[in-house]
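Here's the structure we're looking at; comments come further down.
As a basis for the values below, the full set of heavy atoms in this structure was taken, side chains included, without hydrogen atoms, waters or symmetry mates.
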Amino acid sequence: MLTVSKRIGSIISRKTLPTIAITLLTPFTTYLLMQFVLGASLSSFSFLALFCNGLCIGVVYALLCAISGRPILSSILCHSAFGIWGAANYFVSVFRGTPVLPWDLTALGTAAAVASSYDFTPTWQMTVALLLIAVAIGLAIKYKKPLFDKKQRLWFRCGSVATGLVLMLLVAFTPLLANKEFKPDVWNQVASYKKGGAVAVFLRNLQFLEVEQPAHFDPSELEQYFSSLPESPSSAEQTPNIIAIMNESWADYEEFGNLSLSKPVNEYMSTLPNSIWGHCFTSVTGAGTSLSEFEFLTGNSMAFLPSGSIPYQQYITSPVSSIVSSMKANGYRTLAIHPGEQTSWQRNLAYPLLGFDQFKSQQDLNVPITEEHGYISDDTSFKQIIWEYENKAPNEKLFLFNVTIQSHGAYTVKDYPAEVTVKGSEGLYPKAEQYLTLVSKTDESFKQLVDYFSKQDEPTIILMFGDHQPAVEPEFLDKAFGVTQDNMTMEQYMSKYRTPFLIWANYPLPETEIPDSSLNFLSQYLLRYSGLPQSDYDRYLWNLHQTLPAITFVGYTDTNGKAYSHLETNDFTSLIQRYQAIQYNNLFGKNNRQSHWFAPIVSLN
């Protein structure tokens, strides 16, 4: 015991006290720097968040000290690493509306594929942080005399290991992080990170890697409910080829009546004869393409999954019922096309589990490739659709799902000609004008696609919809919506998640209008128009759609267009809870999954 005291005494001296102070304070100053870079205000500061995030950061700092044996060097590395973490959360939240979440770590390849098109201009907070770290590095170089001799460094390393283990146990096995201070707000993760700390709340989000079973789940009650559902009659008189196009960042800002553009950008599509032009709500805005296709293809809703979760990477690990599997069971060849990276969002793994026979990405295209602002054009995507139709087997029924990429952000390509401008504000919103120009080009390309299929004898139906609105200037969005986000009603807030859809066929359609919907319901119209029988789950979705036309992560609407938040309790709460229970059984039921609810029905025709 006396020997240990002597060792500690040899380390602690007047000369080493400043370094010891830096060592003890580093986890907490690192937290302050990280939050500063993230953009958190002083009003969101709390000592509990400082303490608990400091413990989490202390685990990393202790590890660095154990490896290097140099507390000052480890302090600089720690501040740098968590400063970068704060910056990463800031940029990701700007691009897609949520910070970095645990499941994002499985999507690094997707992020890298599109990162070059975004603007990473540092904020003033990041500039200040870089200067502070540079000063620290300069001082460390100037006073670079080793603090410890070899024996002292060994003791310091051993102490760092012991400290790191203690801190890790405190974080993992005590209720510190269970405090409501660190509870993630799944509808506003950015605010949670700023209030509770970008480390502690990130760790709390780990709880969402596995979705909990709803408390109101009762298979016997649901079985009785399914048996009482009415049949949904088909609206089709023939079985067509089916083309579904999810168009990247396609929005209809002109519908709100607050913009005056140099030319309409959806002019052809919104006035096309023998078509249904409408609008639907998504669960994401600015980014999150795979979430929208998940909702459309499966009929499931992101409303019952954690904020920022990625179903393709987290939950689609075995075959899942979908509109694709229904088409396949009824003799369709099922093909997916995305002119981007094959592994983006792990589509190459998810698509076969959804029922696709084949998936073509950018390297598999059979037509000449053209680009718009660095991405493969919609003109190329639509010509590939035509190629697939012309090269399919005789009498083969084709279901083709095309995810476009032309209008992907960011909209910052220099010298890209702005062919569409905002009258009276020309040049004031360069991102929005670049985006609107791209939408205008989609309008032109879609006309060529319709012109082609209008001359074909085989019945063919085309549905195109937007996956989410683009990430453009907030000031432009305020102008388009006619209200700032802070002053929005619930109905106006949901407008941020509103995209257009268009259904056209080369034969007469049975309807001319569809009420506002959401992506999880939109695919039901394709089933009806194609004459395919509906599974129990399809009939359930169609029936629910008659009462609640749109259900998204953000909220839901009734038949009068009134919007509701998931945080409120009302007359529709029981319907929402039933949907949640059925979806849970579908995705996570495992051995208790009621497969017959979701199994596709094969037509007898």
Exercise for the section: Show the numbers, then the answer: is there a side chain to side chain donor-acceptor pair (under 3.5 Å) between Gln485 and Lys496? Expected result: CA-CA 9 Å; Gln485 178 170 321; Lys496 296 175 57 180; 2.5 Å; yes

Exercise for the section: Using the test side chain to side chain contact (heavy atoms under 4.5 Å, CB included), find all partners of Ala350 that sit at least two apart in sequence or belong to another chain. Expected result: Tyr312, Ile316

Problem - side-chain contact (heavy atoms from CB on, under 4.5 Å) assessment of Tyr529 paired with Ile276 - result: CA-CA 12 Å; Tyr529 295 159; Ile276 303 170; 3.5 Å; yes

Practice task
Look at Asp252 together with Arg498 and state whether they make a salt bridge at an N to O cut-off of under 4.0 Å.
Solution key: no

Practice task
Would you mind telling me which of Tyr584, Tyr579, Phe588 makes a ring-ring contact (aromatic ring centres under 6.0 Å, His included) with Phe304?
Solution key: Tyr579

Practice task
Would you check if there is a donor-acceptor pair between the side chains of Ser381 and Gln406 at a distance under 3.5 Å?
Solution key: no

Problem - Donor on one side chain, acceptor on other, Tyr253 and Gln469, under 3.5 Å - result: yes

Practice task
Kindly state whether the ring of Phe202 and the ring of Trp85 have centres lying under 6.0 angstrom apart.
Solution key: yes

Practice task
Could you check if a side-chain atom of Leu548 sits within less than 4.5 angstrom of a side-chain atom of Ile576, using non-hydrogen atoms only?
Solution key: yes

Handout entry: Value rounded to 0.5 Å, distance of CG in Leu438 from NZ in Lys441
Key = 7.5 Å

Practice task
Flag yes if more than 12 heavy atoms outside Lys360 fall under 6.0 Å of its NZ atom; otherwise flag no.
Solution key: yes

Problem - Check: Asp443 side chain, Val439 main-chain N or O, donor-acceptor pair, under 3.5 Å - result: no

Handout entry: Separation between CZ of Phe256 and OG of Ser495, rounded to the nearest 0.5 Å
Key = 4.5 Å

Practice task
Please check if any side-chain donor atom of Gln594 sits under 3.5 Å from a side-chain acceptor atom of Asn586, or the reverse.
Solution key: no

Handout entry: Side-chain donor-acceptor pair present, Glu223, His596, cut-off under 3.5 Å
Key = yes

Problem - Donor on one side chain, acceptor on other, Asn348 and Gln342, under 3.5 Å - result: no

Practice task
Assess the side chains of Asn570 and Glu568: does a donor N or O sit below 3.5 Å from an acceptor N or O?
Solution key: yes

Practice task
Please test Glu293 against Arg347 for salt bridge (Lys or Arg N to Asp or Glu O under 4.0 Å), starting from the C-alpha separation and ending with a verdict.
Solution key: CA-CA 10 Å; Glu293 58 186 91; Arg347 288 185 178 94; 2.9 Å; yes

Practice task
Give the minimum heavy-atom separation between Arg204 and Phe182, together with the two atoms involved.
Solution key: CG-O, 3.4 Å

Practice task
Decide whether Asn266 and Trp277 meet the rule of one side-chain donor and one side-chain acceptor closer than 3.5 Å.
Solution key: no

Exercise for the section: With ring-ring contact (aromatic ring centres under 6.0 Å, His included) as the test, would you mind laying out the steps for Tyr525 and His545 before giving the verdict? Expected result: CA-CA 11 Å; Tyr525 286 95; His545 174 59; 5.7 Å; yes

Handout entry: Any side-chain donor near an acceptor of the partner, Asp378 and Thr442, under 3.5 Å
Key = yes

Fill in the blank from the handout: Tested for side chain to side chain contact (heavy atoms under 4.5 Å, CB included) against Phe453, the lone hit among Asn241, Ile461, Ile243 is Ile243

Practice task
Working to the nearest 0.5 Å, report the span between CZ of Phe465 and CG of Leu463.
Solution key: 6.0 Å

Handout entry: Ala563 to Glu491 - nearest heavy-atom pair and separation
Key = N-OE2, 2.8 Å

Handout entry: CD/Gln224: more than 12 non-hydrogen atoms of other groups inside 6.0 Å
Key = no

Practice task
Flag this pair as yes if the NZ/CZ of Arg578 is under 6.0 angstrom from the six-membered ring centre of Tyr225 and inside a 45 degree cone about the axis; otherwise no.
Solution key: yes

Practice task
Could you check if a side-chain atom of Pro102 sits within less than 4.5 angstrom of a side-chain atom of Gln314, using non-hydrogen atoms only?
Solution key: no

Exercise for the section: Just do the side-chain contact (heavy atoms from CB on, under 4.5 Å) check on Tyr315 and Ser309 with the steps written out, would you? Expected result: CA-CA 9 Å; Tyr315 312 130; Ser309 59; 3.7 Å; yes

Practice task
Scan side-chain atoms only and decide if Tyr351 and His338 contain a donor-acceptor pair under the 3.5 Å cut-off.
Solution key: no

Exercise for the section: Could you pull out the closest heavy-atom pair between Val100 and Tyr193, with the gap in Å? Expected result: O-OH, 2.5 Å

Fill in the blank from the handout: For Leu400 and Ile337 the tightest heavy-atom approach is CD1-CD1, 3.9 Å

Handout entry: Minimal non-hydrogen separation, Ser361 against Gly340, with atom names
Key = CB-O, 3.4 Å

Problem - Between Asn300 and Glu295: side-chain donor-acceptor atoms closer than 3.5 Å - result: no

Exercise for the section: Using only heavy-atom distances, determine whether the side chains of Thr334 and Asp357 contain a donor-acceptor pair under 3.5 Å. Expected result: yes

Completion exercise
To the nearest 0.5 Å, atom OG1 of Thr404 lies from atom CG of Asn247 at 3.5 Å

Fill in the blank from the handout: For Gly466 and Thr282, the nearest pair of non-hydrogen atoms, with its separation, is O-CG2, 4.0 Å

Exercise for the section: Give a yes or no answer on whether the side chain of Asn330 reaches the backbone of Ser326 with a donor-acceptor pair at less than 3.5 Å. Expected result: yes

Exercise for the section: Kindly determine whether Val190 and Ser93 satisfy side-chain contact (heavy atoms from CB on, under 4.5 Å), including the steps that lead there. Expected result: CA-CA 7 Å; Val190 177; Ser93 66; 3.6 Å; yes

Practice task
Side-chain contact test, heavy atoms from C-beta onward, threshold under 4.5 Å: evaluate it for Tyr507 versus Pro240 and give yes or no.
Solution key: yes

Practice task
May I ask you to test the Asn591-Arg593 pair for a side-chain heavy-atom distance under 4.5 Å?
Solution key: no

Problem - OG on Ser283 to CZ on Phe294, rounded to 0.5 Å - result: 10.0 Å

Exercise for the section: Decide yes or no for Met488 and Met494: does some side-chain heavy atom of the first lie under 4.5 Å from some side-chain heavy atom of the second? Expected result: no

Exercise for the section: Classify the side-chain pair Asp558/Tyr564 by whether it contains a donor and acceptor separated by less than 3.5 Å. Expected result: yes

Problem - Within the 6.0 Å centroid threshold, strictly below: Phe281 and Tyr556 - result: no

Exercise for the section: Apply side-chain contact (heavy atoms from CB on, under 4.5 Å) to Glu458 and Asn506, showing your working. Expected result: CA-CA 8 Å; Glu458 290 188 30; Asn506 61 358; 5.9 Å; no

Handout entry: Test: Lys397 cationic atom under 6.0 Å from Phe399 six-membered ring centre, within 45° of axis
Key = no

Fill in the blank from the handout: Separation between CG (Leu502) and CD1 (Ile462), nearest 0.5 Å, reads 8.5 Å

Problem - Sub-4.5 Å side-chain heavy-atom contact between Ile245 and Leu449 - result: yes

